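Below is one structure, written out as structure tokens; the observations come after it.
Quick note: residue numbers are just sequence positions, from 1. Being a predicted model, the structure only gives us computed values, none of them experimental. Each ligand, and each atom within it, is numbered from 1 in the order the structure gives. Because only heavy atoms are used, hydrogens play no part in the values below, and waters and symmetry mates are left out as well, while side chains stay in.
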Amino acid sequence: MLFYVVLLLLGAGAYYYHFRINRKKIIERLEKVVQRKRDDLLKNIEEARRISDKLDSKRRDYIGNLDFEQLKKELQKGSVTCVEAVRTYFHKAILAHEKTNAVTCFILEAEQQAEELDEKAKLASFVKPPMFGIPLSLKECLKVKGYDTTRGFVQDAYRPSTEDSIQIEHYKKLGLIPFCQTNVPQSLLSYNCSNPLFGTTTNPFDSTRTCGGSSGGEGALIGAKGSLIGIGTDVGGSVRIPCHFTGIAGIKPSKMRFAHRGGGASVPGKPLIDANDGPMAQDVKTNVEFLRNVWGDIDFQSDRDPYCPPVHWNESLYSSEKKLRIGYYIDDGWFTPTPALQRAVLESKKHLENAGHTVIPFHPPRLTDVIQWYFRAVCLDGGQYVLNKLLKDIIEPTIHFQVTLWMVPTWVQRIFSYPVSLVFPRMGVLMKSLTRDTFELREAYAEIEAYREEYVGLMMKDNLDVILCPASIMPAPQHDIPSKVVSGVSYTCLYNLLDFGAGQFLSDFFQRIFIVFPGVVPVTTVNKSDEEKLINEYPETDKWYQITKKATIGSIGMPIGVQVAAPPFREEAVLRTMREIEIAITGK
Ligand SMILES: CCCCCC/C=C\CCCCCCCC(=O)NCCO
């Protein structure tokens, strides 16, 4: 017996030794790639600076102060050229990047695309497309011909896409000019924004805090005014959480509203957790204008991807005078959000009631089950796909905690989940979530299908058009917190599991201050009272609550958003609700 134990230990030791040697070699090789990429980025930024400097700084300031609508008008009139718009946004993005480390690459051909558009505009026969000349930023994982989509994996650097995705083709056809790519967390499966290739992107309001993720580079860039509009992707909150953390507006449409042919995914082969790309912008109005134009012309995408149904922009749903019935909640029963997030929902509720809508309580059922199904279906192979990629890469330190969870075999997690449940029940739920076998996976899928029916059934029973709820559990925390509190995505991942269209935007009085006095950090009694409530009343019943409370202390002045969601193909109702709250708060 002893002989076999010794043999086993020796075998394990040899395996571990071989593993370490192998990892060392991989890391040494990849460190050179990181250095090369960072040097290339510095050169790329210098080139973008050279291009932006061709424009007189007064003119740059004038164009840089135009909002989306104003810039669009001036470009249509011809009083601003596409080249001027691109040079201005190269300049603004460089400034935002210097503050937040948001950009992974400038798309230098943007200047040439702009020149070509300006040339075409000289022809009398040329009809300008609706978003003629507007610079567009893109999350790094979106496929642009000639550019990398590393998703923060060093191993994927210098493997540029051979084609634009259908969506990018479409945006160019509508006149938009992709001008830069923005940073992401490694693997995209996190709501922070750090990776070993490009480093950490910070929050424009406080660099010790994250801009969110995984479309965090977009959040930071747009939040720091380096772009008017960008595209993110969202499988659990990756458009909505960065919007909430950085004080901007965005929407994750239901899956079928965009073409996915030629696009990428965080974990391919993962049904029933529906991801989509979505716009992110300074305000709701810009998102509406963008989607009105894209969906108004959706045949372009449907013709090239038959799986994208030709569902056009529904103006009558967006502009309807009929008052809405809205369900709201401030606590999903799984993770109580910190006080400012609850207050934001209650204030939005008031705005909507003042506008004549009916807002009634709604209780999303069984969130503990939802969390378990979500993690099971996202990591449907127990996290193996992501783990395999991570083990061939330099592993980002800010996601170590969740990587450790993926490394512990599922059966070990199951065994330990029982004693853990006694002292930390919610952690027990997470530890039981990874897929044990295909029987269990099929069961989870069946549960999700049944839950979708149950949820829309509850909405129909009360005749509800949309749901209003918190955007997250807390304001932007420090960079390492998202990995430690992965279960904090319950407010957003629910709407991926349901495949609802869900949007988020900045609410409450912070928005008034930022819009009237950009960059001013408000310090008011209201915010102090949020902090007091947090200190005196926020639960500390388990480690996740303790971490969340500690991370939220000291966040006075950070932006807070709310989320609006509706069943698939009703995104226009979501946008209408968001826009009505925006008008109530900002008056414009
Ligand atoms: C034992 C359970 C381990 C769980 C480990 C964590 C796994 C997944 C974390 C998911 C968090 C999702 C955040 C949002 C990601 C997102 O929307 N990405 C966009 C991709 O297009």
Side-chain angles (χ1 to χ4, degrees), residues 138-143 149 151-152 182-193 195 210 212-219 231-245 250 252-253 255 258 260 263-268 270 273-278 280 370-387 390 398-414 416-417 420 424 426-436 471-473 481-497 502 504 544:
L138 298 172
K139 185 175 180 179
E140 196 255 14
C141 61
L142 299 167
K143 289 194 177 160
T149 54
R151 296 167 291 156
T182 57
N183 206 18
V184 296
Q186 189 175 35
S187 83
L188 306 185
L189 288 180
S190 170
Y191 61 102
N192 80 355
C193 195
N195 66 65
T210 179
S214 60
S215 316
E218 283 302 316
I231 309 293
T233 67
D234 187 318
V235 80
S238 282
V239 162
R240 292 159 288 161
I241 295 172
C243 283
H244 157 64
F245 283 179
K252 173 210 78 74
K255 181 180 177 179
F258 286 131
H260 296 284
S266 47
V267 181
K270 159 185 61 46
I273 300 297
D274 288 314
N276 209 348
D277 303 1
M280 299 165 72
V370 167
I371 275 292
Q372 206 159 71
W373 303 327
Y374 176 78
F375 282 112
R376 185 162 298 162
V378 161
C379 311
L380 72 171
D381 54 2
Q384 206 53 51
Y385 170 84
V386 184
L387 189 60
L390 285 165
T398 58
I399 59 165
H400 268 170
F401 182 78
Q402 77 191 69
V403 176
T404 309
L405 284 176
W406 278 320
M407 285 179 85
V408 179
T410 307
W411 63 270
V412 177
Q413 293 204 22
R414 278 303 156 93
F416 281 100
S417 70
V420 168
F424 187 172
R426 295 196 299 166
M427 186 65 185
V429 171
L430 196 68
M431 290 175 74
K432 282 194 198 97
S433 68
L434 291 188
T435 313
R436 197 182 46 205
S472 173
I473 53 164
I481 301 298
S483 161
K484 291 179 182 154
V485 194
V486 277
S487 61
V489 292
S490 62
Y491 289 87
T492 44
C493 77
L494 169 67
Y495 295 108
N496 297 83
L497 184 134
Q504 113 71 43
W544 285 337

May I ask you to check if ligand 1 and [X] share an N or O to N or O distance below 3.5 Å?
X: L434; result: no
X: Q402; result: no
X: L188; result: yes

Closer than 3.5 angstrom, by distance alone: can the side chain of [X] be matched with the main-chain N or O of [Y] as a donor-acceptor pair?
X: Q413; Y: V408; result: yes
X: S238; Y: S214; result: yes
X: W373; Y: L497; result: no

**OP:** Give the C-alpha distance, both sets of side-chain angles, the deciding distance and a yes or no for side-chain contact (heavy atoms from CB on, under 4.5 Å) between L390 and W406.
**Re:** CA-CA 10 Å; L390 285 165; W406 278 320; 4.0 Å; yes
Original post:
Which of these passes side chain to side chain contact (heavy atoms under 4.5 Å, CB included) with K139: D277, I231, L188, N183?
Top reply: L188
Under 4.0 Å, heavy-atom basis, I'd like to know which part of [X] is in contact with ligand 1: side chain, backbone, both or neither.
X: S238; answer: both
X: S215; answer: neither
X: Q413; answer: side chain

**OP:** State, with a plain yes or no, whether a side-chain heavy atom of Y385 is found less than 4.5 Å away from one of P268.
**Re:** yes
Among all protein heavy atoms in this structure, tell me which lies nearest to [atom], with the distance rounded to 0.1 Å.
atom: atom 2 (C) of ligand 1; result: L430 CG, 3.8 Å
atom: atom 21 (O) of ligand 1; result: T233 OG1, 2.8 Å
atom: atom 11 (C) of ligand 1; result: L189 O, 4.0 Å
atom: atom 7 (C) of ligand 1; result: W406 CZ2, 3.4 Å

Subject >> Gap between atom OG1 of T149 and atom CD of E140 - 0.5 Å precision >> reply: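 It is 6.5 Å, given to the nearest 0.5 Å.
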Original post:
How long is the gap from CE on M431 to OG1 on T410, to the nearest 0.5 Å?
Top reply: 11.0 Å
Original post:
Which atom pair, heavy atoms only, marks the closest approach of V486 to Q402?
Top reply: CG1-OE1, 3.5 Å
Original post:
Relative to the heavy atoms of C379, which atoms of ligand 1 are at a distance of less than 4.0 Å?
Top reply: 7 (C)
Original post:
With respect to atom 8 (C) of ligand 1, which of F401, Y191, F375, Y374 exhibits the smallest heavy-atom separation?
Top reply: F375
**OP:** Please state whether G237 comes within less than 4.0 angstrom of ligand 1, counting heavy atoms only.
**Re:**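 Yes.
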